[in-house]
*Asks:* 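Got a structure here, written out as structure tokens. Questions coming.
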Amino acid sequence: FCFSHTKNKYYRSNEQTYFSPFHSGQYSIFLYYLSRQVFDLDKKPSVLADKIYYLNKLMNGLDLYYEVDMPDIFMLDHPLGSVLGRATYGNFFTFSQQCTVGNNRGKFPTIGEHVTMFSGSKIIGECIIGDNVQVAANTYIKDTDIPSNSIVFGSSPNLIVKSNAHHSR
């Protein structure tokens, strides 16, 4: 289901969605969902869920714990070095390598739909990231709200936020 919503050419063949365990992005998502499914059976951590989580971390360099509630549809590209914490994520969330989503003093971000985090970007703390937001490479957002239909650059507290109205949905 998740893969069927991407236009990534490596997730499709002859206009059909397919799965390849040799595609690290697909395999990362598969291992997350598998560990999450095992966790959901008992709603408590288990040795099997832990092993699947660690397999994903070792093979793909992705720290995405099974207790993190990802949306039904999310994408990633080269997840190496990414850490995704217990934020609230909207559908069509996309991230690439070395991205971090985490807490500041126990407060986590809320991320809208169709948000893309480019390489090395970070969203930390009590933030509300609107819909249709692009977080530029190496951007650092901490305890700052970002409006919908924006492109954001720089580092908190000196962020540059530009309108991205032509990409609104």
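Worth saying up front: this structure is predicted, and the values here are computed from it rather than measured.
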*Asks:* Could you work out, with salt bridge (charged side-chain N to carboxylate O under 4.0 Å, His left out) as the rule, every residue matching Lys51, not counting sequence neighbours?
*Replies:* none
*Asks:* Atom CD1 of Ile73 and atom NE2 of His5: how far apart are they, to the nearest 0.5 Å?
*Replies:* 4.0 Å
*Asks:* When you compare the side chain of Ile52 with that of Leu48, does any pair of heavy atoms fall below 4.5 Å?
*Replies:* yes
*Asks:* Please list, chain by chain and in numerical order, all residues satisfying side chain to side chain donor-acceptor pair (under 3.5 Å) with Thr110, sequence neighbours excluded.
*Replies:* none
*Asks:* Just grab all the ring-ring contact (aromatic ring centres under 6.0 Å, His included) pairs involving residues 30-49, residues at least two apart or on different chains.
*Replies:* Phe19-Phe30, Tyr27-Phe30, Tyr32-Phe74, Tyr33-Phe74, Phe39-Tyr66
*Asks:* Hey, does Leu84 have a side-chain heavy atom less than 4.5 Å from the side chain of Met70?
*Replies:* yes
*Asks:* Answer yes if the side chains of Asn164 and Asn149 hold a donor-acceptor pair under 3.5 Å, and no otherwise.
*Replies:* no
*Asks:* So, using salt bridge (charged side-chain N to carboxylate O under 4.0 Å, His left out) as the criterion, who are the partners of Asp72 when residues are at least two apart?
*Replies:* none
*Asks:* Run the numbers on Asp63 and Lys57 for side-chain contact (heavy atoms from CB on, under 4.5 Å), then give the verdict.
*Replies:* CA-CA 6 Å; Asp63 191 340; Lys57 194 170 179 180; 3.6 Å; yes
*Asks:* Would you say that more than 12 heavy atoms from the other residues, nucleotides or ligands in this model lie under 6.0 Å from the NE2 of His23, or not?
*Replies:* yes
*Asks:* Of the non-hydrogen atoms in Ser156 and Thr144, which two are nearest, and what is the gap between them?
*Replies:* OG-OG1, 3.3 Å
*Asks:* Following the transitive rule for hydrophobic clusters with a side-chain heavy-atom cut-off under 4.5 Å over Ile, Leu, Val, Met, Phe, Trp and Tyr, establish whether Met59 and Ile29 coincide in one cluster.
*Replies:* yes
*Asks:* Would you please name every residue forming a salt bridge (charged side-chain N to carboxylate O under 4.0 Å, His left out) with Asp77, sequence neighbours left out?
*Replies:* none
*Asks:* Find out whether Val161 and Ile151 are in side-chain contact, i.e. whether some heavy atom of one side chain is under 4.5 Å from a heavy atom of the other.
*Replies:* no
*Asks:* Could you tell me which residues satisfy side chain to side chain donor-acceptor pair (under 3.5 Å) with Lys44, sequence neighbours excluded, listed by chain and number?
*Replies:* none
*Asks:* What is the minimum heavy-atom distance between Ser121 and Ala136, and which atoms define it?
*Replies:* CB-O, 3.6 Å
*Asks:* Do any pairs count as a salt bridge (charged side-chain N to carboxylate O under 4.0 Å, His left out) and have a residue in residues 33-43, sequence neighbours left out, and if so which ones?
*Replies:* Arg36-Asp40, Arg36-Asp69, Asp40-Lys43
*Asks:* Name every donor-acceptor pair, under 3.5 Å, that has one atom in a side chain of residues 92-102 and the other anywhere in the protein, sequence neighbours excluded.
*Replies:*
residue	atom	partner	partner atom	Å
Thr94	OG1	Phe92	O	3.4
Ser96	OG	Ser119	N	3.0

*Asks:* Do Lys142 and Lys122 come within less than 4.5 Å of each other through their side chains, counting heavy atoms only?
*Replies:* no
*Asks:* If you measure from CE on Met117 to CD1 on Ile129, what distance do you get to the nearest 0.5 Å?
*Replies:* 8.5 Å
*Asks:* Provide the full list of side-chain hydrogen bond (donor to acceptor under 3.5 Å, both in side chains) pairs with a residue in residues 82-91, sequence neighbours left out, each pair given once.
*Replies:* Glu67-Arg86
*Asks:* What I'd like to find out is whether the side chain of Ile146 reaches to under 4.5 Å of the side chain of Leu159, using heavy atoms alone.
*Replies:* yes
*Asks:* Should Leu64 and Leu34 be counted in the same cluster of Ile, Leu, Val, Met, Phe, Trp and Tyr side chains packed under 4.5 Å apart?
*Replies:* yes
*Asks:* If you compare all heavy atoms of Cys127 against all heavy atoms of Ile141, which two are closest, and at what distance to 0.1 Å?
*Replies:* SG-CG2, 3.9 Å
*Asks:* Taking all non-hydrogen atoms of both residues, which atom of Ser28 and which atom of Leu62 are closest, and how far apart?
*Replies:* CB-CD2, 3.9 Å
*Asks:* Does any part of the side chain of Ser46, heavy atoms only, come nearer than 4.5 Å to the side chain of Val38, both counted from C-beta?
*Replies:* yes
*Asks:* Who passes side chain to side chain donor-acceptor pair (under 3.5 Å) against Ser148, sequence neighbours left out?
*Replies:* none
*Asks:* Apply the hydrophobic cluster definition, ILVMFWY joined by side-chain contacts under 4.5 Å directly or through others, and give me every member besides Ile124.
*Replies:* Tyr140
*Asks:* Going by heavy atoms in the side chains, are Val152 and Ile160 under 4.5 Å from each other?
*Replies:* no
*Asks:* Which distance, rounded to the nearest 0.5 Å, do you find between the CD1 of Ile128 and the CD1 of Ile111?
*Replies:* 11.5 Å
*Asks:* Report yes or no: do Met75 and Tyr18 belong to one cluster of Ile/Leu/Val/Met/Phe/Trp/Tyr joined by side chain heavy-atom distances under 4.5 Å?
*Replies:* no
*Asks:* Which heavy atom in Glu126 sits nearest to a heavy atom in Asp145, and how many Å separate them?
*Replies:* O-OD1, 4.3 Å
*Asks:* Please go through Phe108's hydrophobic cluster and name the other residues, only I, L, V, M, F, W, Y counting, with side-chain heavy atoms under 4.5 Å joining them.
*Replies:* none
*Asks:* If I compare all heavy atoms of Gly106 with all of Asn103, which pair ends up nearest, and what's the gap?
*Replies:* N-OD1, 3.2 Å
*Asks:* With the side chain counted from C-beta on, respond yes when Ile123 and Val135 share a heavy-atom pair under 4.5 Å apart, and no when they do not.
*Replies:* yes
